[in-house]
Amino acid sequence: MTSRNYLLKSIKGNIRRNFWLMILFFLAFLAAMPVGTLTALDGARHTYRAGQVYLRNTVMHCAENSLILVMVMICGALAALAVFSYLYSQEKIDFYHSLPLKRAELFTVQFLSGFLMFLIPYVINVVLTLAVGFFYGGVDQTVLKIVGAHTLLNVIYFLAIYGAAVLAILLTGNLFMGILGFFALIFYGPVLYMTFVRMNERFFETIVQELDRDSGVFLSPATAYIAGNTAVSNIKWLGIYLLYGAILAVILILGDIWIYRMRSSESFHKAIAFRKLEPVIKICIILPAALLVALFFSGYMYNQFLWMVVAALALALVFSMIFDFLCTMDIFRALKPKVSTGVILAGLILILGGYRTDITGVDTFLPKEDKIASMSLYLPSITTQFQYPENIGAESPSFTQSLTEQSVENFQEIYALAEKGVDYFKKNKDYAADVQTLQEDGRSAETTMVSVYIGYHMKSGQNVYRMYYLPETEELVENIGRVYDNWEYRESILPTTYISAEDIDNIYTYSFSETGKPLTISDEKLSALIKTYQSELENMTFAQSQDEKIVGWMEVHEGVQTEEGSMEYSTDSSYSYSYNLPVYAGFQKTRDMLEKMGNPMPESIDQDQVESIVLSRYLYENGEDQYLEKEYTAQEDIQKIISQATFGEGRFSVGSHMNYDITCEIVWKDKEKENLVFSIFEDSSLTKILEQLNQAHSD
């Protein structure tokens with residue numbers, strides 16, 4: 001029975017033989033960590049912003065250095081090659097297998113040797129880095145936590161990448177194939193995921209994949225490591241990445257032990273150590289590779305699907321011959337047809353055919369109502385018109401969070417929108433692509449289209465997201481209005497839900513009469529103004545938002561104090577941000593309060609102060625954009641235009657009467673007064689005026 005002392009001596013002997021690599025690791029980490037920290041802190045100490053917070057942030061920035069991340073991955077590959085490369089030599093295999101050690105014990109000796117060659121120099125340099133930080137006064141409890149988290153993350157993911165590199169060596173019989181195998185293990189998951197995403201984007205018009213992209217980082221130890229390195233300050237996500245890395249490392253190490261015990265000593269002369277795995281590896285690699293390359297190639301061709309099929313089949317044949325040649329090193333054997341090649345070709349035909357015909361019904365997905373727990377809706381034409389306070393965090397009704405977090409259980413009207421989306425897609429499958437083409441060409445479709453993003457939250461726990469293009473019909477606008485008028489939905493998107501008067505530092509008002517005028521009032525009056533505005537905006541129906549003009553807006557400023565113990569790398573003690581709140585003509589109580597406070601928002605423009613109005617627009621004609629501009633000085637024309645004046649700040653674009661193509665600018669009689677830019681509601685009274693504008697380029 002082999003004693004523990006013999007195992008320790010074997011590990012020491014391994015480290016001694018590869019001591020040069022250990023020194024190389026030490027010098028690399030020395031330059032990236034202690035020396036880099038010393039240089040950064042010495043420079044930071046002499047800057048005008050020098051202080052404990054700034055020095056602390058400098059140390060944390062050095063701990064998160066992306067160079068360290070790259071070095072850890074390189075160390076994992078080099079350590080595996082240093083201690084397990086003997087498997088590529090018959091003489092060394094005979095020597096190692098003649099030692100009085102069982103296979104599991106021999107693997108343990110080699111594996112621990114490589115691990116310690118990394119761990120010892122890395123930990124020494126972590127200690128030296130902290131020592132430098134202590135000397136400059138840039139280390140506190142927060143820094144220790146951050147450095148400790150990074151150290152644990154680096155060690156765990158070193159083991160995962162090290163385990164993957166060892167697995168690549170165990171599965172191959174020479175250095176060249178081992179290197180290819182390592183890169184295949186590291187990048188196969190991301191490539192497979194990229195192929196899946198690109199195929200969905202190419203063939204499906206309604207699928208929404210942005211919400212699922214984060215899950216792709218877990219398909220490779222390298223991508224998970226990179227993502228984890230940026231999530232150290234987030235305890236929840238750090239725990240997820242650490243747990244994933246630890247589980248992956250354990251699985252890879254156990255797999256390495258199992259394969260090492262099964263690996264034949266004569267495998268050194270084979271390209272792949274296990275002959276039965278050759279066709280499996282071939283199919284798994286070539287299928288996504290051929291599809292991905294064909295996707296990029298066919299994307300530039302007119303008949304994309306035809307060229308994609310041709311390219312995928314041709315690439316599969318070429319890649320198959322290359323793979324077979326690498327495995328046999330015999331060109332004639334590589335050219336012979338093989339069953340695995342036929343499986344690949346058949347698989348490509350089935351995959352492409354399935355995507356082409358949407359055999360799984362992705363674009364026509366519409367579950368029954370009794371299977372849905374709740375639904376969520378994101379309308380860019382509404383939500384993107386608002387601005388929200390910065391400090392609302394995860395509650396912000398952004399695109400992704402609106403669909404993942406803000407769902408409503410009273411979803412009948414949202415379901416009706418989904419039905420319209422599916423029905424319209426079935427009848428107009430290529431319209432979404434046509435709209436995109438028109439937009440890329442700088443044109444707009446004749447029919448105004450509305451983007452509707454819908455989330456299905458199933459009772460089974462599954463979440464499905466879809467996006468539909470629908471023509472802006474009266475029926476659709478009424479449907480959206482019923483959704484908006486449901487308080488459960490409206491509460492989740494209105495910015496007033498997130499506003500607190502106590503957080504507001506300053507307010508500036510913008511109206512037809514004045515721009516950027518500060519509102520000087522007491523805290524009590526400010527609180528009353530905000531409550532009044534909240535009540536009027538939250539009680540405004542969708543129909544009112546369509547018909548009423550916006551007569552101004554309030555620019556709200558809030559300040560944020562940076563806490564001394566913050567994990568952020570901010571060097572300022574505070575900062576300020578702003579957002580705009582639209583004021584509609586019907587907000588009579590709000591406007592009355594503003595008028596009493598000295599910041600009136602009149603419903604109309606004083607015609608006596610206007611000298612002229614300049615209307616302008618861009619017109620796409622004869623393959624190019626033309627800029628049209630016309631000045632109106634007749635009092636009758638001026639009166640018609642200003643009677644339809646509105647601001648666009650906060651204006652919902654769906655169902656709106658506003659003409660988004662026309663820009664209006666007032667030239668005041670008072671030359672010292674800055675010109676005012678606004679928009680207009682279009683009705684029959686402006687028909688003649690707009691016809692004159694459209695003919696301006698031919699005059």
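Count residues from 1 along the sequence. Basis for what follows: all heavy atoms, side chains included, without hydrogens, waters or symmetry-related copies.
- Side-chain N or O atoms of S298 include none that pairs as donor or acceptor with a backbone N or O of W307 at under 3.5 Å.
- Listed for the S220 side chain is a donor-acceptor partner under 3.5 Å among the backbone atoms of I186.
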Report the C-alpha distance between Y157 and Y244 in whole Å, list the side-chain angles of each, state the deciding distance to 0.1 Å, and finish with yes or no for side chain to side chain contact (heavy atoms under 4.5 Å, CB included).
-> CA-CA 9 Å; Y157 277 93; Y244 169 78; 3.5 Å; yes
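- Proximity of a side-chain donor or acceptor of T383 to a complementary backbone N or O of P380 within less than 3.5 Å is not detected.
- Between A165 and A77, the closest heavy-atom pair is CB-CA, 4.0 Å.
- For the pair G181 and A168, the tightest heavy-atom approach, listed with the atom from each and the gap, is C-CB, 3.7 Å.
- Y469 and Y424 have their aromatic ring centers separated by at least 6.0 angstrom.
- Of the possible donor and acceptor atoms, none in the side chain of E472 sits under 3.5 Å from a partner among the backbone N and O of V450.
- Applying the 6.0 Å contact sphere to CZ of F196 captures no more than 12 heavy atoms from other residues, nucleotides or ligands.
- Here M199 contributes atom CE and L352 contributes atom CG; the two are 5.0 Å apart, rounded to the nearest 0.5 Å.
- Here the CG atom belonging to L379 is positioned 11.0 Å from the CD atom belonging to Q385, to the nearest 0.5 angstrom.
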Taking distance alone, no hydrogens or angles, what donor-acceptor pairs closer than 3.5 Å link side-chain atoms of residues 278-291 to residues at least two apart or in another chain?
from, atom 1, to, atom 2, distance (Å)
E278, OE2, R275, NH1, 2.6
K282, NZ, D324, OD1, 3.2
K282, NZ, D324, OD2, 3.0
K282, NZ, S340, OG, 2.9
K282, NZ, T341, OG1, 2.8

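- Ring pair F204/Y355: centre-to-centre distance below 6.0 Å.
- Annotation for F305: atom CZ counts as buried by contact number, over 12 foreign heavy atoms lying within 6.0 Å.
- A distance of 11.0 Å separates NZ of K368 from CG of L366, quoted to the nearest 0.5 Å.
- By the neighbour-count criterion of 12 heavy atoms within 6.0 Å, atom NZ of K371 is sparsely surrounded, having that number or fewer from other residues, nucleotides or ligands.
- Here the two rings, on Y241 and F218, have centers that are under 6.0 Å apart.
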Please lay out, stage by stage, how Y225 and F158 fare under the test ring-ring contact (aromatic ring centres under 6.0 Å, His included).
-> CA-CA 9 Å; Y225 182 27; F158 168 83; 9.9 Å; no
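- For the atom pair I259 CD1 and I169 CD1, the distance stands at 12.5 Å (nearest 0.5 Å).
- Other residues, nucleotides and ligands contribute more than 12 heavy atoms inside 6.0 Å of the CG atom of L335.
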Evaluate the criterion side chain to side chain contact (heavy atoms under 4.5 Å, CB included) for residue pair L78 and F25; output intermediate values, then yes/no.
-> CA-CA 10 Å; L78 292 179; F25 289 170; 4.1 Å; yes
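- Pairing each heavy atom of V362 with each of T206, the nearest pair is O-OG1, 3.9 Å.
- In terms of modelled atom types and a separation under 3.5 Å, the side chain of Y122 and the main chain of V72 share no donor-acceptor contact.
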Would I344 and S320 count as a side chain to side chain contact (heavy atoms under 4.5 Å, CB included) if you check the C-alpha gap in whole Å, the side-chain angles of each, and the deciding distance to 0.1 Å?
-> CA-CA 9 Å; I344 293 171; S320 294; 3.9 Å; yes
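- Looking at every heavy atom in both residues, L403 comes nearest to Y453 through CD2-O, 3.7 Å.
- Atom CG of L470 sits about 6.5 Å away from atom CE of M449, to the nearest 0.5 Å.
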Checking side chain to side chain contact (heavy atoms under 4.5 Å, CB included) for the pair F187/T223: CA distance, chi angles, key distance, verdict?
-> CA-CA 9 Å; F187 294 110; T223 53; over 6 Å; no
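- With ring centers used as reference points, F111 lies under 6.0 Å from Y162.
- Contact record, T172 with R263: O-NH2, 2.7 Å, taken as the closest heavy-atom pair.
- Counting heavy atoms of neighbouring residues, nucleotides and ligands inside a 6.0 Å radius, atom CZ of R103 exceeds 12 of them.
- Minimum heavy-atom separation, A271 to N174: CA-ND2, 3.9 Å.
- Using cut-offs of 30° and 60° for the angle between ring planes, the Y415 and F411 rings count as tilted.
- Looking at R198, its side chain never comes within 3.5 Å of a backbone N or O of L295 through a donor-acceptor pair.
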